[in-house]
A.B. asks: 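Mind looking over this structure? Questions follow.
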Amino acid sequence: MMAVAEVIVDVPTMQTNRPFEYEIPDSLVEVVIPGVRVEVGFGKGKRKVQGFVMEVRDHSDFTGKLKPIERVIDVKPVLSQEMIKLSYWLADTTYAFQISCLQTMLPNVMRAKYKQFVVASEGFENDADVKKLLDNQLTLEITKDTEEQTLRKIAKLKRAHKIDIEYVVENQANSLTRQVITTDLNTDQLLEAKDKLRSNAKAQHNLVDFLLSHHDDLPIEVSNLENQFKITRATLKTAEKNNLLKFIEITKRRKPVGINPERTSNLELTEEQSTAVKDISDSIVDDKSDTFLIEGVTGSGKTEVYLQSIQKALEQGKTALMLVPEISLTPQMVNRVIGRFGDQVAVLHSGLSSGERYDEWSRIENGSVKVVVGARSAVFAPLDNIGLIIIDEEHEASYKQDDNPRYHARDVAKWRSDYNNCPLVLGSATPSLESRARAQKGVYKLINMTKRINNHALPHVQIVDMRNAENSAVKGDFSPLLQDNLWRVLKRKEQAIVLLNRRGYSSFLMCRECGFVLKCPNCDVSLTYHKNLGKMKCHYCGHEENVPHICPNCKSKKIGFYGTGTENIEKQLNEIYPDARVLRMDVDTTRRKGSHAALIEKFSKHEADILLGTQMIAKGLDFPNVTLVGVINADTTLSISDYRASERTFQLLTQVSGRAGRAEKEGHVIIQTYNPDHYAIKDAAMQDYETFYKQEMYLRHQSGYTPYYFTTLISVSHQIESQALKQSFWLKKQLQTALSDKAILLGPSPTMIARKQNKYFYQIIVKYKHEPKLHEKLMEILNDTQGEARRGFSIAIDNEPQHID
Ligand code: ADP
Ligand code: ZN
Ligand code: ZN
């Protein structure tokens with residue numbers, strides 16, 4: 001009898017986007033099982049590629065001779081049955097290659113080279129078979145040369161749970177001992193030492209500058225310095241001789257940043273909370289894959305509902321998965337979950353090094369973790385027996401991945417909820433229109449939480465019409481009303497949050513003589529000033545250059561920064577309130593690992609009076625002493641050319657308003673705007689989601705957008721603009737042949753930033769209600785354009801895009 005494996009190979013093309021059959025040699029029969037990775041020959045030559053085994057069968061319908069599997073990479077599957085099934089669905093719905101989907105599900109480490117070691121499972125250290133296999137050593141490394149006979153033994157012991165396999169990334173193979181550097185000098189002493197350096201000792205000067213700017217981050221791993229900061233070991237050695245720094249060997253297991261919040265226990269639930277917990281618990285106990293939408297005003301205690309529902313799942317012997325928009329932005333939420341469930345929790349987020357991420361992944365995979373909290377990609381956490389999935393702030397755009405595969409975590413979560421027969425809970429004070437509409441139709445079960453805990457009042461919101469704010473009293477960007485109220489807060493020793501709603505690239509350089517704007521040579525965007533680098537930088541391609549002091553166009557000296565950045569507002573605050581302690585939170589001040597949490601910590605300890613920041617301060621923060629929230633320019637998000645502009649504005653304003661008055665003291669919100677009559681702003685001021693929802697639904701209906709229509713965005717790019725345009729017209733024609741006359745085709749039109757990384761982008765939008773042939777047609781188009789890809793042409797398909805620009 002012949003054994004055959006179906007393998008998805010790591011050759012990302014349309015032609016290879018399906019399982020290929022390989023013969024399993026007799027010697028590997030017990031080792032090649034679904035979910036392991038293998039090495040196989042591919043194509044005519046001697047090329048060897050990696051692949052994932054999807055299925056194992058005992059016959060093949062193929063009449064020719066099958067190639068054999070050359071080698072097994074894993075002795076235990078890295079993908080569960082669930083993940084294998086999910087990958088088919090994911091590839092199909094996102095138009096991505098299945099291999100990309102499989103790789104997306106796994107931690108990066110799995111893509112890198114790593115070593116595998118066999119270790120005894122707990123309690124089996126003295127098992128005779130285990131001891132024999134390990135040859136009385138602690139570990140056994142599995143390599144290319146490990147004999148098949150040994151592999152079979154390993155697989156067998158693994159199935160008996162007597163051994164475990166540990167992966168160690170090859171370049172971190174000795175991850176148990178790490179070399180770090182630190183310094184005994186404080187910053188003054190460093191500055192002194194810098195003065196003493198020879199002026200031509202460039203590398204040493206740079207190193208001291210580095211130590212100064214990263215003083216708080218020390219110790220830093222040497223490998224990090226080498227890889228990330230391009231500081232050579234030789235430079236470090238010299239610095240060691242100069243007594244600037246010292247080397248230390250750390251022998252500790254990698255562990256994610258030490259968060260160790262106090263343990264908490266269940267709070268006594270309010271009536272609204274307890275109804276919510278009861279409904280969700282019933283679904284958990286009855287193994288029902290219901291989707292609940294909790295529409296709960298800010299401060300209504302959604303978190304406690306999540307926690308007690310998770311507890312219910314754990315009591316049932318099940319696990320729970322909880323997604324948050326972005327871990328680094330929500331440290332308080334993570335602390336609450338860890339505070340309740342302690343060691344049973346794993347946290348997955350992008351801030352982890354690949355080693356740390358892998359460690360967390362394995363803890364989940366081997367069942368030592370019951371609760372996973374993480375951002376978007378945590379939706380692929382290898383949890384078994386899931387009893388509950390939660391998505392907090394379900395309306396957040398960050399749940400949609402911008403790159404291939406372009407999946408929405410909500411859809412993946414729904415799939416897993418169906419697979420595991422467990423409920424999915426979506427929570428938000430400002431649900432996405434799609435979700436709220438589904439609740440309307442009864443597809444989701446709506447849970448309303450309308451009251452704040454302890455019946456705290458919702459904040460009192462005032463709108464300031466900046467069109468006729470008395471000009472003499474306006475200081476910089478601050479209306480008299482906002483100024484006065486900030487004074488009052490400071491006098492009462494309370495705290496305030498000031499939100500600068502900005503689009504991210506507002507501090508650009510402009511000549512006031514001729515209007516010249518410094519732009520990226522590769523992309524159609526203005527370069528942004530980065531203070532830390534002291535350079536102008538492109539957000540798209542990373543191009544950077546020095547700050548010019550005279551206008552490159554007219555040679556005038558009147559070239560300067562334009563637009564209101566956070567730094568500018570910070571300066572204004574310092575001028576108006578010289579004694580206030582202002583904490584600025586934006587991309588610049590939070591770039592370093594852990595700095596975001598540190599700023600939040602500082603603010604919650606009242607070591608600052610005013611927290612000034614961009615969108616990142618709007619979400620999920622809970623500071624009892626904050627009584628005032630000021631919004632500098634509410635309109636920015638309204639002016640984006642996206643049909644979700646109103647929705648985004650409403651969400652942002654409501655969320656940030658919800659930061660005020662969360663405890664005993666009443667909250668006050670001041671929104672400065674040039675569009676005081678816009679419904680998104682007025683409804684946000686009233687914290688009135690339902691009114692906003694009705695108005696917005698009406699407009700979406702009029703303009704034919706989500707949730708009334710499905711939307712698919714197809715973008716075409718090419719280095720030559722005329723080619724990009726030509727291809728997009730061809731594409732449009734192709735689509736027309738497959739669509740009914742009820743579908744609406746928009747475009748092709750250039751994207752808002754028409755050129756990125758030296759490529760021109762055009763897009764076509766398809767709006768439709770029911771187009772059974774669309775999917776197939778898009779697949780066909782992808783197929784047909786494969787060959788073109790090599791000539792610099794590419795197509796991207798985005799189902800239900802979060803941004804249209
Ligand atoms: P939301 O996420 O809905 O904005 P939170 O979950 O942050 O609200 O809850 C707001 C505040 O109320 C938090 O400080 C929380 O600890 C507190 N809280 C929640 N539920 C209760 C309860 N049942 N009894 C007392 N305090 C509660
Ligand atoms: Zn660029
Ligand atoms: Zn000029």
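Both counts, for ligands and for their atoms, begin at 1 and track the order of listing. All values reported here derive from a predicted model rather than from experimental measurement.
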A.B. asks: Has G296 got any heavy atom lying under 4.0 angstrom from an atom of ligand 1?
C.D. replies: no
A.B. asks: Can you tell me if Q655 and T298 form a side-chain donor-acceptor pair at under 3.5 Å?
C.D. replies: no
A.B. asks: So for atom CZ, which belongs to F623, do other residues, nucleotides or ligands contribute more than 12 heavy atoms lying within a distance under 6.0 Å?
C.D. replies: yes
A.B. asks: Return a yes/no value for N454: is any of its N or O atoms, backbone included, closer than 3.5 angstrom to an N or O of ligand 1?
C.D. replies: no
A.B. asks: Are any non-hydrogen side-chain atoms of V582 and D609 less than 4.5 angstrom apart?
C.D. replies: no
A.B. asks: What protein heavy atom lies closest to atom 2 (O) of ligand 1? Include the residue and the distance to one decimal.
C.D. replies: T303 OG1, 3.6 Å
A.B. asks: Just do the side chain to side chain donor-acceptor pair (under 3.5 Å) check on R648 and Q802 with the steps written out, would you?
C.D. replies: CA-CA 11 Å; R648 295 269 175 257; Q802 287 293 306; 2.9 Å; yes
A.B. asks: Find all atoms of ligand 1 within a distance of less than 4.0 Å from any non-hydrogen atom belonging to K302, and give their numbers and elements.
C.D. replies: 1 (P), 2 (O), 3 (O), 4 (O), 6 (O), 8 (O)
A.B. asks: Quick check on H701: does its NE2 atom have over 12 non-hydrogen neighbours (other residues, nucleotides or ligands) under 6.0 Å away?
C.D. replies: no
A.B. asks: Strictly under 6.0 Å, is that where the ring centroids of F292 and Y444 end up?
C.D. replies: no
A.B. asks: Which pair of heavy atoms, one from Y407 and one from V412, lies closest together, and at what distance?
C.D. replies: CD1-CG2, 3.7 Å
A.B. asks: Can you list the atoms of ligand 1 that are under 4.0 Å from a heavy atom of T298?
C.D. replies: 4 (O)
A.B. asks: Give the minimum heavy-atom separation between F650 and D683, together with the two atoms involved.
C.D. replies: CE1-C, 3.6 Å
A.B. asks: Can you find a non-hydrogen atom of M449 under 4.0 Å from ligand 1?
C.D. replies: no
A.B. asks: What protein heavy atom is closest to atom 8 (O) of ligand 1, reported as residue, atom name and distance in Å?
C.D. replies: G301 N, 3.2 Å
A.B. asks: Quick one: look up the protein heavy atom nearest atom 4 (O) of ligand 1 and list residue, atom name and how far away it is.
C.D. replies: G299 N, 2.6 Å
A.B. asks: How does R452 reach ligand 1, by side chain, by backbone, by both or by neither, if only non-hydrogen atoms under 4.0 Å count?
C.D. replies: neither
A.B. asks: Can you confirm whether the side chains of R581 and Q495 place a donor and an acceptor under 3.5 Å from each other?
C.D. replies: no
A.B. asks: Which of the numbered atoms in ligand 1 are under 4.0 angstrom from any heavy atom belonging to E268?
C.D. replies: 22 (C), 23 (N), 24 (N)
A.B. asks: Quick check on contacts: which atoms of ligand 1 are under 4.0 angstrom from a heavy atom of D622?
C.D. replies: 13 (C), 14 (O)
A.B. asks: Around atom CG of D282, are there more than 12 heavy atoms from other residues, nucleotides or ligands closer than 6.0 Å?
C.D. replies: yes
A.B. asks: With backbone taken as N, CA, C and O and side chain as the heavy atoms from C-beta onward, which portion of R659 lies under 4.0 Å from ligand 1: side chain, backbone, both, or neither?
C.D. replies: neither
A.B. asks: Which is closest to atom 16 (O) of ligand 1 in terms of heavy atoms, L267, V305, N266, V297?
C.D. replies: L267
A.B. asks: With the threshold set strictly below 4.0 angstrom, can you tell me whether any protein non-hydrogen atom sits that near atom 21 (C) of ligand 1?
C.D. replies: yes
A.B. asks: Below 3.5 Å, N or O to N or O, backbone or side chain included: is there any such pair between I453 and ligand 1?
C.D. replies: no
